[in-house]
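In what follows, residues are counted from 1 in the order of the sequence shown. Just follow the structure's listing: the first ligand is 1, and inside any ligand the first atom is 1. When reading the values below, keep in mind they use all heavy atoms of this one structure, side chains included, and skip hydrogens, waters and symmetry mates.
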Amino acid sequence: MKSDRTPVADPVHSFWTSVSNPLDDLLSTDDLSTEADIVIIGAGFAGVATAYNILTSSSSSPKQSVLILDARKICFGATGRNGGHVKPDLYFNVSKYVSMDGASAAAEVTNFEAANVYAVKELVEAEKLDCDLHLTRAIDVYLGADHARQTEAAWEMLRRDNIVELRDVACVSKEDAERVSGVKGAQLAVSFTAAHLWPRKMVHQLLAKLLEQDHKLNVQANTPVTSVSDTTDEAGRWIIETSRGTIKATKVIHATNGYASQVLPEYTRSITPIRGVCSHIDSALKQHAPHLNNTYALRFDGRNYDYLIPRADGSIIVGGARQRFWHKPERWFDTVRNDELVDEATTYFDGYMQRHFRGWEDTQAQTKKVWTGSKYRSLLPMRN
Ligand SMILES: Cc1cc2nc3c(=O)[nH]c(=O)nc-3n(C[C@H](O)[C@H](O)[C@H](O)COP(=O)(O)OP(=O)(O)OC[C@H]3O[C@@H](n4cnc5c(N)ncnc54)[C@H](O)[C@@H]3O)c2cc1C
């Protein structure tokens with residue numbers, strides 16, 4: 001059932017994409033080049049970070065020409081619609097990784113995740129990106145008694161077996177969990193270093209820096225790639241067909257997230273687009289609300305959880321609500337539609353802060369926006 005609340009009025013935009021950017025519809029040149037050394041398909045986090053690494057790497061000399069193509073506006077995929085949480089997994093899935101791939105692989109993945117938080121911070125500082133980056137702690141709050149007990153037992157095993165680095169991970173048991181986390185009914189709270197930022201600002205600004213630096217970079221928004229040849233031509237180049245013409249390139253990088261199989265049908269069974277839901281909550285009385293310094297995951301049980309990112313302006317991003325629609329796969333599975341709401345989830349965030357957070361009862365916090373995003377799901381286990 002649709003309500004007439006603000007979130008429904010504009011299903012196309014997320015909180016982040018509501019602010020337009022001059023790069024949104026960028027065409028570096030009026031005409032599409034017919035060749036490039038490297039073509040990157042997709043201008044989200046993955047595509048722009050790849051271009052950044054190629055173009056700023058001292059080893060890629062002489063400089064190669066890079067052409068980024070996006071089917072839509074720049075950063076209108078998952079990068080423009082996510083929560084902005086830079087959250088490593090330092091413990092939650094570790095036992096699963098150990099049983100799948102062994103202790104050393106689990107440790108490698110965990111170290112990589114931990115290092116990524118600081119790598120993002122270093123990049124933002126080095127490139128002077130103004131993207132609301134905050135280094136913080138993430139608190140995973142367990143609300144189900146059984147799940148909390150199982151997690152605490154698993155945590156004790158991780159400590160005993162000394163498989164991964166746990167120096168930065170702190171576990172607060174039931175007795176103090178609600179007071180320490182501020183979440184009502186908390187049975188267990190686990191915290192560790194994380195960060196949050198405005199993802200779209202970060203990517204736009206990184207792209208703007210590359211364009212300013214006069215690299216051999218050309219960016220073409222609103223240019224869908226319709227196919228890439230299966231083999232190269234006699235000069236070793238791939239043939240890329242787009243809505244605006246044909247391009248030849250020696251390397252093609254697919255950074256298309258859940259859309260991957262539209263150009264690479266061989267991935268249809270292994271990369272499936274799925275939808276997620278996010279919201280923005282604000283309060284006219286936020287000066288009376290306790291300011292939350294940490295980010296959160298509220299884990300209701302082993303499957304269902306929300307994640308919450310308090311912004312420095314006192315408003316809150318909350319993503320999740322999957323218990324409202326997960327049992328209806330047609331609403332979220334195998335769809336790239338991010339321009340419509342998952343109606344079942346729209347009212348989920350109403351009263352969220354009042355329900356879950358101590359001291360927020362009288363803040364009149366309200367859902368200001370709800371949106372949908374599409375991301376990929378692979379055959380690998382789901383991450384939380
Ligand atoms: C609701 C939601 C919340 C999330 N929250 C978080 C979070 O808090 N923290 C976190 O770390 N991650 C989060 N994620 C995941 C995160 O957003 C993604 O992992 C990340 O943005 C992926 O970046 P990307 O560049 O791979 O994909 P995208 O940003 O989706 O970019 C892919 C691009 O490829 C383009 N494209 C696709 N096909 C073609 C084609 N044929 N031709 C040309 N262009 C094409 C698309 O238009 C798109 O711009 C969330 C995702 C969603 C959906």
Is it true that atom CD of Gln213 has more than 12 heavy atoms of other residues, nucleotides or ligands lying nearer than 6.0 Å? yes
ILVMFWY cluster membership beyond Leu32 - transitive side-chain contacts under 4.5 angstrom: Val39, Ile41, Leu67, Leu69, Val225, Val228, Trp238, Ile240, Ile247, Val252, Val263
Let me confirm one number: the OG1-NZ distance from Thr17 to Lys369, rounded to the nearest 0.5 Å. 7.0 Å
Whether over 12 other heavy atoms sit under 6.0 Å from Lys73 NZ: yes
Contact list for residues 245-278, test ring-ring contact (aromatic ring centres under 6.0 Å, His included), sequence neighbours left out: none
Contacts satisfying ring-ring contact (aromatic ring centres under 6.0 Å, His included) that involve residues 130-171 (not counting sequence neighbours) are His134-His196, Tyr142-His147
Distances for all N or O pairs of ligand 1 and the protein under 3.5 Å?
{"residue": "ligand 1", "atom": "5 (N)", "partner": "Gly83", "partner atom": "N", "Å": "3.1"}
{"residue": "ligand 1", "atom": "5 (N)", "partner": "Tyr307", "partner atom": "OH", "Å": "3.4"}
{"residue": "ligand 1", "atom": "8 (O)", "partner": "Gly83", "partner atom": "N", "Å": "3.3"}
{"residue": "ligand 1", "atom": "8 (O)", "partner": "Gly84", "partner atom": "N", "Å": "3.4"}
{"residue": "ligand 1", "atom": "8 (O)", "partner": "His85", "partner atom": "N", "Å": "3.1"}
{"residue": "ligand 1", "atom": "9 (N)", "partner": "His85", "partner atom": "O", "Å": "2.7"}
{"residue": "ligand 1", "atom": "11 (O)", "partner": "His85", "partner atom": "O", "Å": "3.3"}
{"residue": "ligand 1", "atom": "17 (O)", "partner": "Ala78", "partner atom": "O", "Å": "3.3"}
{"residue": "ligand 1", "atom": "17 (O)", "partner": "Asn82", "partner atom": "ND2", "Å": "2.9"}
{"residue": "ligand 1", "atom": "21 (O)", "partner": "Thr79", "partner atom": "N", "Å": "3.2"}
{"residue": "ligand 1", "atom": "21 (O)", "partner": "Thr79", "partner atom": "OG1", "Å": "2.9"}
{"residue": "ligand 1", "atom": "23 (O)", "partner": "Thr79", "partner atom": "OG1", "Å": "3.3"}
{"residue": "ligand 1", "atom": "25 (O)", "partner": "Phe45", "partner atom": "N", "Å": "3.1"}
{"residue": "ligand 1", "atom": "25 (O)", "partner": "Ala46", "partner atom": "N", "Å": "2.9"}
{"residue": "ligand 1", "atom": "27 (O)", "partner": "Asn257", "partner atom": "ND2", "Å": "3.2"}
{"residue": "ligand 1", "atom": "29 (O)", "partner": "Ala78", "partner atom": "N", "Å": "3.4"}
{"residue": "ligand 1", "atom": "29 (O)", "partner": "Thr79", "partner atom": "N", "Å": "2.9"}
{"residue": "ligand 1", "atom": "29 (O)", "partner": "Thr79", "partner atom": "OG1", "Å": "2.5"}
{"residue": "ligand 1", "atom": "30 (O)", "partner": "Ala78", "partner atom": "N", "Å": "3.0"}
{"residue": "ligand 1", "atom": "30 (O)", "partner": "Asn257", "partner atom": "ND2", "Å": "3.0"}
{"residue": "ligand 1", "atom": "41 (N)", "partner": "Val225", "partner atom": "O", "Å": "3.0"}
{"residue": "ligand 1", "atom": "42 (N)", "partner": "Val225", "partner atom": "N", "Å": "2.9"}
{"residue": "ligand 1", "atom": "44 (N)", "partner": "Ala71", "partner atom": "N", "Å": "2.9"}
{"residue": "ligand 1", "atom": "47 (O)", "partner": "Asp70", "partner atom": "OD1", "Å": "2.6"}
{"residue": "ligand 1", "atom": "47 (O)", "partner": "Arg72", "partner atom": "NH1", "Å": "2.7"}
{"residue": "ligand 1", "atom": "49 (O)", "partner": "Asp70", "partner atom": "OD1", "Å": "3.3"}
{"residue": "ligand 1", "atom": "49 (O)", "partner": "Asp70", "partner atom": "OD2", "Å": "2.6"}

